[in-house]
Amino acid sequence: SRYPKGSAGQGAAPPAAPLRGQRDGGGPSSTCSAPFDMGNISDTYAQVANQCCSEKSAVYNEHKGAWRSPFEGAGEHAAVSDLWAKSSTAPTLKTDMPAVVLVGGTGVGKSNFGNYLLGDNAFESRTSQDSVTATTQWTDGWWFGGRHPLRVVDCVGIGDTKGAGADQKQWDKTIEVLMQIGKVSVLVLVMRAGRFTKFDKEVVSTLRESFGPSFWQNMCVFCTGANAKPGQLSLESEGPKIRTKLRQIELEQGADEEALKAINNMNVYAADLDPTLSSPDRRQTEFRFKPALAGLSLEELLSLDLRIPPTVMEMSSAEFGKFVGSDTALERWIEGNYFQLGLSRLAAFKMDVMALEPFLPGKLSRLADPPEDEKPPPQQHAPDEDHSGTAEGTGVFESEAEEHLRDFTELDSLETALLSGDVALVKGSWLISAEEHGQVLPRRQDMPREALWDTTALVNSLRGGAGPPPSIVVVSWSWLSMAHPDPKRFHLSQLGPALKAYSSWNRTSQESIAVFIDWCSLHQAPRSDDEAAHFRRAFGRLHTWYGHAMTSKWLLTRVPDKHTPFKERGWPFFLKAITSMTNVNSSVLDLGSARAGWTSWGQVLQDCRVKAAPPMAPETFTTDLGRKVFSHTCDRDLLARRYAETFRGAIGSAEDL
C-alpha cells in the first residue's frame, strides 16, 4: 500500500470487481484499486461522501473518523466502498507541486486535457485543424479543481502545417519554459484514440532527441476522442500497439536497454474528454436541468463515476434500483450517459503521476536545423519498368500505398466530393422528422433544400469551425424495388429511431448529424447531362465513404419477407467487406442485429457491433461475389476491381494486421 500506516485504506481486501478507473500499464494488472485521494477529508467532503453512498444513513462519522461500507453484502459492488475510505488520507507527494507537461500534434486536445486536469478553463480550447495554442504556457492550480496543487504545461503542437522551421522555433521556446519550471513529473503524449500519426512520431522523436533516453521513465500516453470511450477502445489491445510504435522510435534513436524496458511498462490511458464538463461554467450550462449534479465539482463527479461498475448496462431494473438507491446524483449521471466517457480514468492518471519521481530536464537540445531546400520526391518509373527489387521501386510502392491510405483517413477525399456537388449529406434531424411524419424519402434531385447540409458550412465545421464537428453516418441498405429503395418506409422506420437514440446517447443535437444515404445523396435516374457527370464521379469514389475513418457505418441488414436477404445481395456484400476492412469495430454497426424492442443506444451498441475479421483476398472476394444477386450483372466485375484496388491500398499501407 502507498498509504501511511493507520490509514483506513491500508490492508483493505482487494476489489471483487475492477473499478471503472482503469488504464493499461503494461504490467500484470491494469486495475486502479485506489484511484482517488483527496487529503484529510473535511466536513464538505464528508457530506459528499454521504451523498454519494446508496444508503440513507451517513457512512462517515466526521467526529469519530470511522468508515462503514454502504455495500456490505452487495456482491460485485462491494469493492466501490473502499474508495471513500482511501480518500481519508493522501499518499505522500514526491514533490510539492507535480508538473505535468502535455505534448502532441496539432488538434489532438492537449489544451482541453489540461483544462480537465485543473478543472477550469485554464487554456484556450476549441476544435481546429490548426494549432490553437500559439506558444508553450503553464498554469498553476489544483488537481480537478480540488485540494492538491498541480502545474500543467501546455506545449504548442509539433508537426503542424507551418513546417519544420516553425517547429524549430516553437520547440526552442518550449525549452526555455521547461528550463524555467525545473522539475518535471511526467511528459504526456496526447493523441487521438486509435491513430498513431506521423505527427505523433515527430513529437516523440523530438522528445527523445532533446531529453535523451532517460525521459521514457517519466512518459505516458493519453488517448482522447469519442473512440476512447470504454467499450469502443480496448486499452488491452491498443496499449501494446502504441508501445510497439514507441519501441521503434527508440530503436532508431539508440536502442537503450533501460529505455526499452521503460516503454514496455509505460502507462496508456484513454477517455472521451467532452469539453462541456471541463470547467465550472460549462458544467453549470450542461447541468442546468440536473440540480443533483449542478453543485458538484469535477473532483466529486470523478468520485461519482468511479462508483459505477462495468456491468451497469446489464443490470435489471430491480438491480439498478438497488444500486442507485436514493442517490439522485448517481442516477442522473447514469441517465445522462456521462459514465460512458470514461472520465474515471483521469483518477488513475492522477494516482500514477503522484507516485512518480520527478526529474530535472537538464541541458535540452535544439532541433536540428531544417534543410533550406526540400528533398526531391521519389523518382517515378514507367509501368513497364521492373524496379521491384530496388529502393526506388519500394519508394514508389510506399507512396502509392500512402496515397490509398489518405483516401480513407484524410478529410480531403470527402471534401472534394462535397464541394463539387457530387455528394450531398442529409440532416439527421430531417430524417427523424420524415420518419415521424410518415414521409417516403425523395430522390436527391427532389430533396427539399432544408433537408440537406450546406456543403461549405459542413466542410468548414469538419475543418474545425465553431462548435463540435458533425457526425457523419453512412448507411448501407438493400434496395427493395428498382424504382425506389424504400417505397413502404421499411428502412426509414429503423433509421429514424436509431438516429434519435444515437443523438441522445452521445449528447449531440440531431442537427449535427450528417447522413450519407445513396438514394438521397447521389443524383438518381433520370438524370440530366450535368447530373450524370456528378453521379459518375461520386459512383467512382463510393467506397471511400464506406471505408473512411471519419464516418460511422450503419448496415440496415433487415429486409421484409419475400425479399432477397442482405447477405445475398452484391452491393451490400461489397460495402460490408469494405467497411470491415478499413475500420475499427466501433464504427461499424449491423442494426439488423438489434434486439426486438430495444430502448437505448447502449443496447444497440451491445448487439450490433460488427466483429473484426481478416479481410478476404481479392480472389476469394471475387469468387464469393459471383454467388451474389445483382440487379445489373455488369456491376459484378466493377465491384471486383474496386475491391482489389481498396485491398491493395489498405493492406499495402497497413502497419499492423
Practice problem: List the atom of L639, the atom of G570, and the distance in Å for their closest heavy-atom pair. | Solution: CD1-O, 4.0 Å
Practice problem: Step through the shown structure and confirm whether more than 12 heavy atoms of other residues, nucleotides or ligands are within 6.0 Å of NZ on K427. | Solution: yes
Quiz item: If you draw the axis of the six-membered ring of F574, does the NZ or CZ of R642 fall within 45° of it and under 6.0 Å from the ring centre?
Solution: no
Practice problem: Go through the steps to decide whether E238 and V268 satisfy the test side chain to side chain contact (heavy atoms under 4.5 Å, CB included), and finish with yes or no. | Solution: CA-CA 8 Å; E238 195 68 20; V268 178; 5.7 Å; no
Quiz item: Is a side-chain donor or acceptor of S344 paired with a backbone partner of D305 at a separation under 3.5 angstrom?
Solution: no
Quiz prompt | Which atom of E435 lies closest to which atom of L492, heavy atoms considered | solution = CG-O, 3.2 Å
Quiz item: Can you name the nearest heavy-atom pair linking C520 to L452, along with the distance?
Solution: O-CD2, 4.4 Å
Practice problem: Indicate yes or no for a side-chain donor-acceptor contact from R443 to the backbone of H484 under 3.5 Å, with no hydrogens or angles considered. | Solution: no
Exercise. Identify the two heavy atoms, one from S600 and one from M313, that lie closest to each other, and give their separation to 0.1 Å.
Key: OG-CE, 4.2 Å
Quiz item: Looking at F621, F566, F630, Y643, which hits ring-ring contact (aromatic ring centres under 6.0 Å, His included) with F573?
Solution: F621
Quiz item: Is there a donor-acceptor pair closer than 3.5 Å between any side-chain N or O of W571 and the backbone N or O of W477?
Solution: no
Practice problem: Could you tell me whether the side chain of E415 and the main chain of L411 form a donor-acceptor pair under 3.5 Å? | Solution: no
Quiz item: Within the distance-only criterion (no hydrogens, no angle test), does the side chain of N337 pair as donor or acceptor with the backbone N or O of Q340 below 3.5 angstrom?
Solution: no
Quiz item: Could you give the distance from CD (Q494) to CZ (R558), rounded to the nearest 0.5 Å?
Solution: 6.0 Å
Quiz prompt | Gap between atom CE of M550 and atom OG of S471 - 0.5 Å precision | solution = 10.5 Å
Quiz item: Is L330 close to I308 at the side-chain level, that is, under 4.5 Å between some pair of heavy atoms?
Solution: yes
Quiz item: What about the rings of Y269 and F113, do their centers lie closer together than 6.0 Å?
Solution: no
Self-check item: Closest contact, heavy atoms only, H563 versus L480
Solution: NE2-O, 3.4 Å
Quiz item: To the nearest 0.5 Å, how far apart are CD1 in I517 and CE in M447?
Solution: 8.5 Å
Self-check item: Nearest heavy atoms of K567 and K628, plus distance in Å
Solution: O-NZ, 2.9 Å
Quiz item: To the nearest 0.5 Å, how far apart are CG in L418 and OG in S521?
Solution: 9.5 Å
Exercise. Would you indicate whether the side-chain heavy atoms of L522 and F516 approach each other to under 4.5 Å?
Key: yes
Quiz item: Ignoring hydrogens and geometry, is there a side-chain-to-backbone donor-acceptor pair from W519 to P442 under 3.5 Å?
Solution: yes
Practice problem: Determine whether more than 12 heavy atoms belonging to other residues, nucleotides or ligands lie under 6.0 Å from atom NZ of K201. | Solution: no
Exercise. Could you tell me whether the side chain of I242 reaches within less than 4.5 Å of the side chain of D200, counting heavy atoms only?
Key: no
Quiz item: Any sub-3.5 Å donor-acceptor pair from Y546's side-chain atoms to S476's backbone N or O?
Solution: no
Self-check item: Salt bridge flag under 4.0 Å for residues E436 and K500
Solution: yes
Quiz item: Heavy-atom distance under 4.5 Å between the side chains of P470 and L462, does that happen here?
Solution: yes
Self-check item: Atom pair SG/CG of C223 and L189 - distance to nearest 0.5 Å
Solution: 8.0 Å
Quiz prompt | Audit row: L556, F490, side chain to side chain contact (heavy atoms under 4.5 Å, CB included) steps and yes/no | solution = CA-CA 10 Å; L556 303 185; F490 179 85; over 6 Å; no
Exercise. Verify side chain to side chain contact (heavy atoms under 4.5 Å, CB included) between V559 and T564, making sure each step is shown before the conclusion.
Key: CA-CA 8 Å; V559 296; T564 304; over 6 Å; no
Quiz prompt | Pair K322 + E319: basic N to acidic O under 4.0 Å | solution = no
Quiz item: Going through the checks in order, is the side chain to side chain contact (heavy atoms under 4.5 Å, CB included) test met by W601 and L589?
Solution: CA-CA 11 Å; W601 191 249; L589 298 177; 3.5 Å; yes
Quiz item: Taking the side chain from Y502 and the backbone from P497, do they hold a donor-acceptor pair closer than 3.5 Å?
Solution: no
Self-check item: Exam field: side chain N112 to backbone L273, donor-acceptor pair closer than 3.5 Å
Solution: yes
Quiz item: Do the side-chain N and O atoms of D530 and S528 include a donor-acceptor pair separated by under 3.5 angstrom?
Solution: no
Quiz prompt | Min side-chain heavy-atom separation V423-T455 under 4.5 Å | solution = no
Quiz item: Is any side-chain heavy atom of D274 less than 4.5 Å from a side-chain heavy atom of Y338?
Solution: no
Practice problem: Enter the distance from L499:CG to I432:CD1 here, rounded to the nearest 0.5 Å. | Solution: 5.0 Å
Self-check item: V221 and M191, any side-chain heavy atoms less than 4.5 Å apart
Solution: yes
Quiz item: Given side chains that start at C-beta, do those of P485 and H491 come closer than 4.5 Å, heavy atoms only?
Solution: no
Quiz item: Is there a donor-acceptor contact under 3.5 Å from the side chain of S461 to the main chain of A457?
Solution: no
